[in-house]
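Below, read A as the first sequence line, B as the second, and so on, with proteins coming before strands; counting in each chain starts at 1. Only heavy atoms go into these numbers, but all of them, side chains included; no hydrogens, no water, no symmetry mates. This one's a predicted model, so the numbers in the text were calculated from it and none came from an experiment.
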Protein chains: 2
Amino acid sequence: MTPHTRYRGLVTRTNSRRTSRRAVYETLRRKVLTLELPPGAALSENELAASLGVSRTPVRESLILLVEEGLVQVFPQVGSFVSRVDPGRVADAQFLREAVELASLEDLPAELDAELVAELRRNLDEQRRPGLTVEDFFALDEDFHHGLLRLAGHGRAWATVVSAKGHLDRARRLGLQETPPAGFADQHVEILEAVLAGDVARARAAMRTHLRAVFDDVEAIRERSPELFASASGTVPVRRNVVVWE
Amino acid sequence: MTPHTRYRGLVTRTNSRRTSRRAVYETLRRKVLTLELPPGAALSENELAASLGVSRTPVRESLILLVEEGLVQVFPQVGSFVSRVDPGRVADAQFLREAVELASLEDLPAELDAELVAELRRNLDEQRRPGLTVEDFFALDEDFHHGLLRLAGHGRAWATVVSAKGHLDRARRLGLQETPPAGFADQHVEILEAVLAGDVARARAAMRTHLRAVFDDVEAIRERSPELFASASGTVPVRRNVVVWE
DNA sequence: CGCGCAGTACTTGTATACAAGCATCCGTCG
DNA sequence: CGACGGATGCTTGTATACAAGTACTGCGCG
């Protein structure tokens, strides 16, 4: 239990040097989630590296992370592809999200953090501003739900939800290409009011209704655009020269 | 909407060539979770590569995945370290797990899958066998909880729970070095009986009691072995030549 | 004896080279 | 005309080389 050498002093002031992998990962993830890289698209590590001005290494490491999130599929010696929206994973994400967000409502403290509440109120005002773009709406929606979790002291659980709900988000975007849905803002208001009133049961009911509405949207989209979803029996990638949707 | 070239046929019969990265990742993850690589240990990519008989590439890619799970910390140009058990992440995992497992109990179908039920029964018999090792107990415990999720049709959500609860598992192992805890098997029995009786409320109560017992164990361990947990203010890695626990 | 500073050995991040394997293309043969 | 089969170009997986930066060591000096 004796140290081998002297302990000279504290190590490692936090090194926050920005690595290029982080930038590459965030870029690719954004492009996948915004459908700029659509489901089924072929991803060549070489091409991505060239277009991003880096080598294969950071690209490859980013793809590995995206595989972990289920957003990309890699077939050794064959190719890498943006994964089709998997209805199974969408359902998984829906279940996970519902479980977490409903459970957090039961952990709300008696005295809510005033700063957080003010933030949520400002968020809702923004949501009802006319002329909101789809991008803005999604960002506000994310912040609102994240804020509710933080209110209950479970803010970090949001990261897990985020990484699991990639498929869910893509499906939602498929259906919300043009205008933000007006009804969702009202549902958000209802949830927050119930929370502020300390009515857990009502908040849970409102939240469940809200999340289920999102899920139903996805089901409708699936009927409209089945080609963007994974087939039931295994996922078959699309070769580059077989353009399915152009 | 016309293909550029003919569609020749089906692509990619599932290539299941075993990559060395997968083996390296599983090895490292196991060593971290079983505390063979204890919290705070320094990990040199070069040393790991040499000892595993591969190059830095698969080692490095595995470490990236472990970072994503929070089991490893990498400081650029400084070093890589097995992360200390972070009480915050333990609490997060506890919350996530409780939310998911309790929610799944509400989704149990009226007719339970007979094969799964039989499997759970066999599992419980095994748990009560005398002379059970700690390793066996953990494996059975995992299977039992996973099986309950599958019973509700949410088996895939287990993967998310697993990747989030690495810190929780390490803390539990710290406390269960010698003998499997006898009480847990009884709690499992109670849960399954309530499920089979179709009594959701009782099943939820039993599950909550069970999971909270696990969590309380962790708290006790923290008081006993604080040096294995992360300090409150930022995580300070341990240099190789400063042996903390040997 | 204590302090400061430069050298050195180590770290991870990135780029590149090579290996193994699959899909396609195209000529050949029946 | 159709089918088979090898050459070819692509893919990802792995190994290695180099770059940038940190921490430790040990000497010199006060």
Side-chain angles (χ1 to χ4, degrees), chain A residues 3-25 28 41-67 72-82 236-243, chain B residues 3-25 28 41-67 72-82 236-243:
Chain A
H4 285 161
T5 69
R6 281 175 300 164
Y7 183 68
R8 271 295 182 89
L10 251 273
V11 203
T12 313
R13 31 205 157 281
T14 54
N15 182 334
S16 61
R17 179 170 174 273
R18 184 154 182 89
T19 63
S20 84
R21 184 184 81 223
R22 190 180 176 93
V24 169
Y25 167 72
L28 290 180
L43 302 173
S44 163
E45 293 181 359
N46 281 316
E47 286 181 15
L48 291 175
S51 76
L52 294 172
V54 296
S55 81
R56 268 184 67 203
T57 305
V59 170
R60 184 177 166 72
E61 293 176 349
S62 298
L63 287 182
I64 288 174
L65 290 174
L66 293 173
V67 166
V72 165
Q73 289 177 295
V74 173
F75 299 86
Q77 274 70 35
V78 175
S80 303
F81 307 86
V82 177
V236 177
V238 180
R239 291 303 292 176
R240 186 164 293 88
N241 56 357
V242 181
V243 177
Chain B
H4 286 160
T5 69
R6 280 174 302 164
Y7 184 68
R8 269 295 182 91
L10 251 272
V11 203
T12 313
R13 31 206 157 281
T14 54
N15 182 333
S16 60
R17 178 171 173 273
R18 184 152 182 91
T19 63
S20 84
R21 184 183 82 224
R22 189 180 176 92
V24 169
Y25 166 73
L28 290 179
L43 303 172
S44 161
E45 294 181 359
N46 280 316
E47 285 182 15
L48 291 174
S51 76
L52 294 171
V54 296
S55 80
R56 268 184 66 201
T57 306
V59 169
R60 185 178 164 71
E61 293 175 350
S62 298
L63 287 183
I64 288 174
L65 290 175
L66 292 172
V67 166
V72 165
Q73 289 178 294
V74 174
F75 299 87
Q77 273 71 34
V78 176
S80 304
F81 306 86
V82 177
V236 177
V238 179
R239 292 303 293 174
R240 184 166 294 89
N241 56 357
V242 181
V243 178

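In this structure, CG on Leu28(B) lies 12.5 Å from CZ on Arg21(B), to the nearest 0.5 angstrom. Taking OH of Tyr25(A) as the start and OG of Ser20(A) as the end, the distance is 15.0 Å to the nearest 0.5 Å. Distance OG/Ser62(A) to CG/Leu52(A): 8.5 Å, rounded to 0.5 Å.
One can place CG of Asn46(A) at 12 Å from C1' of dA15(C), the figure rounded to the nearest angstrom. One atom, CZ of Phe75(A), and another, C1' of dA20(C), lie 18 Å apart when rounded to the nearest Å. We find that CD of Glu45(A) is positioned 15 Å from C1' of dT14(C), with the value rounded to whole Å. Atom P of nucleotide dT14(C) and atom OH of Tyr25(A) are separated by 16 Å, given to the nearest angstrom. Between the CZ atom of Arg21(B) and the P atom of dA20(C) there is a distance of 19 Å, rounded to whole Å.
Close to dT14(C), at under 4.0 Å from its OP1 or OP2, lies no side-chain N or O of Ser55(A). Neither OP1 nor OP2 of dG13(D) sits under 4.0 Å from any side-chain N or O of Thr19(B). Here Ser80(B) reaches the OP1 or OP2 of dT12(C): one of its side-chain N or O atoms lies under 4.0 Å away.
Smallest separation of non-hydrogen atoms from Arg56(A) and Ala49(A): N-CB, 3.9 Å. Here the closest non-hydrogen pair linking Leu43(B) and Leu63(B) is CD1-CD2, 4.2 Å.
Qualifying side chain to side chain donor-acceptor pair (under 3.5 Å) partners for Arg60(A), counting only residues two or more places apart in sequence or in other chains: Glu45(A), Glu61(B). Every side chain to side chain contact (heavy atoms under 4.5 Å, CB included) that Val74(A) has, sequence neighbours left out, goes to Val67(A), Val72(A), Ser80(A).
One N or O donor and one acceptor, one from the side chain of Gln77(A) and one from the base of dT12(D), sit under 3.5 Å apart.
Checked against dT11(C), dT12(C), dA15(D), the side chain of Pro76(B) finds its nearest nucleotide in dT12(C). Ranking dA15(D), dG13(C), dT11(C) by closeness to the Val54(B) side chain, first place goes to dA15(D).
Near DNA chain D, meaning a heavy atom under 4.0 Å away, the residues from residues 56-63 of chain B are Arg56(B), Thr57(B), Pro58(B).
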